[in-house]
A.B. asks: 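Once you've had a glance at the structure underneath, I'll fire off some questions.
If you're wondering where the values come from, they're calculated on a predicted model, not measured in any experiment. The chains referred to below are lettered A, B, ... by the order of the sequence lines, with proteins before strands, and numbering in each begins at 1.
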Amino acid sequence: MSTKTGAAGKTGAGASRAPSASNFIRQAIEADLASGKHARIVTRFPPEPNGYLHLGHAKSILLNFGLAQEYGGRCNLRFDDTNPEKEEQEYVDSIIDAVNWLGADYGGTALYASDYFDFMYRCAEYLVSSGNAYVDSQSAEEMRANRGSFTAPGTDSPYRGRSPDENLALLREMRDGLHPDGAHVLRAKIDMASPNINLRDPAIYRIKHAAHHRTAGAWCLYPMYTYAHPIEDAIESVTHSLCTLEFEDQRPFYDWLLEKLADGGLFERPLPQQIEFARLQLTYVVLSKRRLIQLVEEGHVDGWDDPRMPTLAGARRRGYTSEGLRRFAERIGVAKENSWIEFSILEDAMREHLNDMAPRRMAVLDPLKLVIENWPEGKEALCEVPNHPQKPDWGKRPVPFGRELWIERDDFAFDPPKGYFRLFPGNEVRLRYAYVVKCIGYDAASDSVRCTVHEDSRSGTPGADRYKVKGNIHWVSTAHAHAAPVRLYDRLFGVPQPGSGERDFLLDLNPDSKKTVSAQLEPALREARVGESFQFERHGYFARDPDPNAFNRTVTLRDSWVK
RNA sequence: UGGGGCGUAGCCAAGCUGGUUAAGGCACCGGAUUUUGAUUCCGGCAUACCUAGGUUCGAAUCCUAGCGCCCCAGCCA
């Protein structure tokens, strides 16, 4: 049985990761491959270009593209652009950008539902001719009233009995722009008494005299999602059409439509199969489009790519890596249970990847001056500091050392709490990769810590190891460091499930989600490229922002010291 | 109230064609190593699988009846 160790186990040469976990989608795929129903699988990621992609989309993208890669199939990037009033080119561009960043391979060519409008319309004429669709001329209100309720069946539209010829003539008039918006709608003819409300003659085409971002004025008749989506899938020979749980009730219509069209010779079998999975819900995060828009428009964040936003643009600017997201998606799995993923899983996935790939640097976020009284004025030393202590092959860099240094304010305590082993009067610590110093006092007038140095304690020199100190703190030379804005981001919301119940989610905003400090950075950080990630030793991971010199905190290091 | 789903540890999630001690991850708690109170490494962490009955030598896995949560009544997707 291949569920546990089959194709799922191939993660590529050099990969040492555990085999992917079994899940119900892989099982369905493997069954279809084993039975010969499909020789190769085709999936798709079908965003509507009416907003920015977020972490929830990342789950779907990684799932669809991941499965295709894993089983040697293909995954299409297809824009579901069937509603011209809500869609824009700007969103198309940002979505392509995000998909590329995630590393998804869609073959370089994005597909568009709007490219299929002609074919979809031909399908509609076929449905009309074969008596499976009719033009309804009720108002939207009448249609709603006649749909019935959960417990009461609907009632047939007075226009339900129109002849195929009459319907065809009307449909063509609708297409040709002879009728205003809302005058008529094309409906599938199924069953107004169905216990599944989605089967009570769903609308499949509506009139919209609106310009489309790609087809411009070519159409004034646009297909509805429920109708368009199955056809898009079938045109592209999609084998497994993955979507979220709320479309479960829609599946009978999906199958009904494709069966009718296949009966009419418009498609060949086997037809695509829709499979639903639970959408991502992340604690301390909000993912609904409505709420995201509100955060931006009301100025609670600094735009769509604010590093606190769960958009992919924001995540990227925050310093999250696509590889980290991939690990995250692998860990949370995919199932049908509506669940809340703890934010710590995302953070841990990021730490894991960043720990592996981020060079180490020293940065003092809350500077306090330290003066070494027995170090001559003007004397300078160059300390050799490893770029990654676990990866000697990454080499070392020289970091200048002198009489005056910046250290972290937190690393000094005049009156230390119990268990504190950093700097306090009388105590010794090592200045990381440099010298051991002894604190001899604190000068309030100049707000500086006074120390003496053990000159024979320099890291890497013979005998330096005989100084046994518990504390090991980072530093930068005041004469060589440069100041830079560093944004210390924290979660945007202060509660696990923002806005749960009736509560306004804005009330749950974390007032301290962004704190900017003026940090002192070691010289090597001047050369950081935009987007590049570093570990600021003992602090966390930070990424260079597009803003000059600024860094964004991606995630802190774990800290097991309980004060 | 009709229909469609889902219920395995604090949070995810395997297992479900019944059969050794109920995978794995996150979180948490110990301990070792450590020039990051980081990383890494070891160890601990469900006599229990929504509840109650039943079938069976044996059930998280099969049957019955309950209970709980989510989704559906757009000319949105």
A.B. asks: Examine B/A38: is either OP1 or OP2 under 4.0 Å from a nitrogen or oxygen in the side chain of A/Ser560? Give yes or no.
C.D. replies: yes

A.B. asks: Assign A/Ser339 to base, sugar-phosphate, or nothing according to its heavy-atom contacts below 4.0 angstrom with the strands shown.
C.D. replies: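 Sugar-phosphate, no base atom in range.
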
A.B. asks: Phosphate oxygens OP1/OP2 of B/U39: is one of them under 4.0 Å from a side-chain N or O of A/Arg351?
C.D. replies: no

A.B. asks: Looking at B/A27, I'd like to know if its phosphate oxygens (OP1 or OP2) sit under 4.0 Å from a side-chain N or O belonging to A/Arg558.
C.D. replies: yes

A.B. asks: Ring centres within less than 5.5 Å and planes less than 30° apart: is that true of A/Tyr225 and B/C76 in this structure?
C.D. replies: no

A.B. asks: If you count every heavy atom of other residues, nucleotides or ligands that lies below 6.0 Å from A/Arg397 atom CZ, does the total exceed 12?
C.D. replies: yes

A.B. asks: Run the salt-bridge test on A/Glu87 and A/Arg214 with the 4.0 Å N-O cut-off and return the result as yes or no.
C.D. replies: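 Looking at A/Glu87 and A/Arg214, the cut-off is not met.
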
A.B. asks: For nucleotides B/A27 and B/U1, find the distance between their C1' atoms and express it as a whole number of Å.
C.D. replies: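 Going atom to atom, C1' in each nucleotide, I get 42 Å.
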
A.B. asks: Under 4.0 Å between a side-chain N/O of A/Lys208 and OP1 or OP2 of B/C76, yes or no?
C.D. replies: yes

A.B. asks: Taking atom C1' in both B/G25 and B/A14, what distance in whole Å separates the two?
C.D. replies: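 It works out to 11 Å between them.
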
A.B. asks: If you pin A/Ile345 and A/Glu141 to their nearest nucleotides in RNA chain B, which one's is more 5'?
C.D. replies: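 So the residue in question is A/Ile345.
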
A.B. asks: Does the side chain of A/Thr82 get closer than 4.0 angstrom to OP1 or OP2 of B/A77 through an N or O atom?
C.D. replies: yes

A.B. asks: Got a sec, which pairs hit salt bridge (Lys or Arg N to Asp or Glu O under 4.0 Å) with one end in residues 136-154 of chain A, sequence neighbours left out?
C.D. replies: A/Asp136-A/Arg187

A.B. asks: A/Glu347 pairs by salt bridge (Lys or Arg N to Asp or Glu O under 4.0 Å) with which of A/Arg327, A/Arg558, A/Arg491?
C.D. replies: A/Arg491

A.B. asks: Any side-chain N or O of A/Arg206 less than 4.0 Å from the OP1 or OP2 oxygen of B/A77?
C.D. replies: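 The answer is yes; a side-chain N or O of A/Arg206 sits under 4.0 Å from OP1 or OP2.
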
A.B. asks: Within less than 4.0 Å of OP1 or OP2 of B/G74, is there a side-chain N or O belonging to A/Gln250?
C.D. replies: no

A.B. asks: Quote, to the nearest angstrom, the P distance that separates B/C71 from B/C29.
C.D. replies: 35 Å

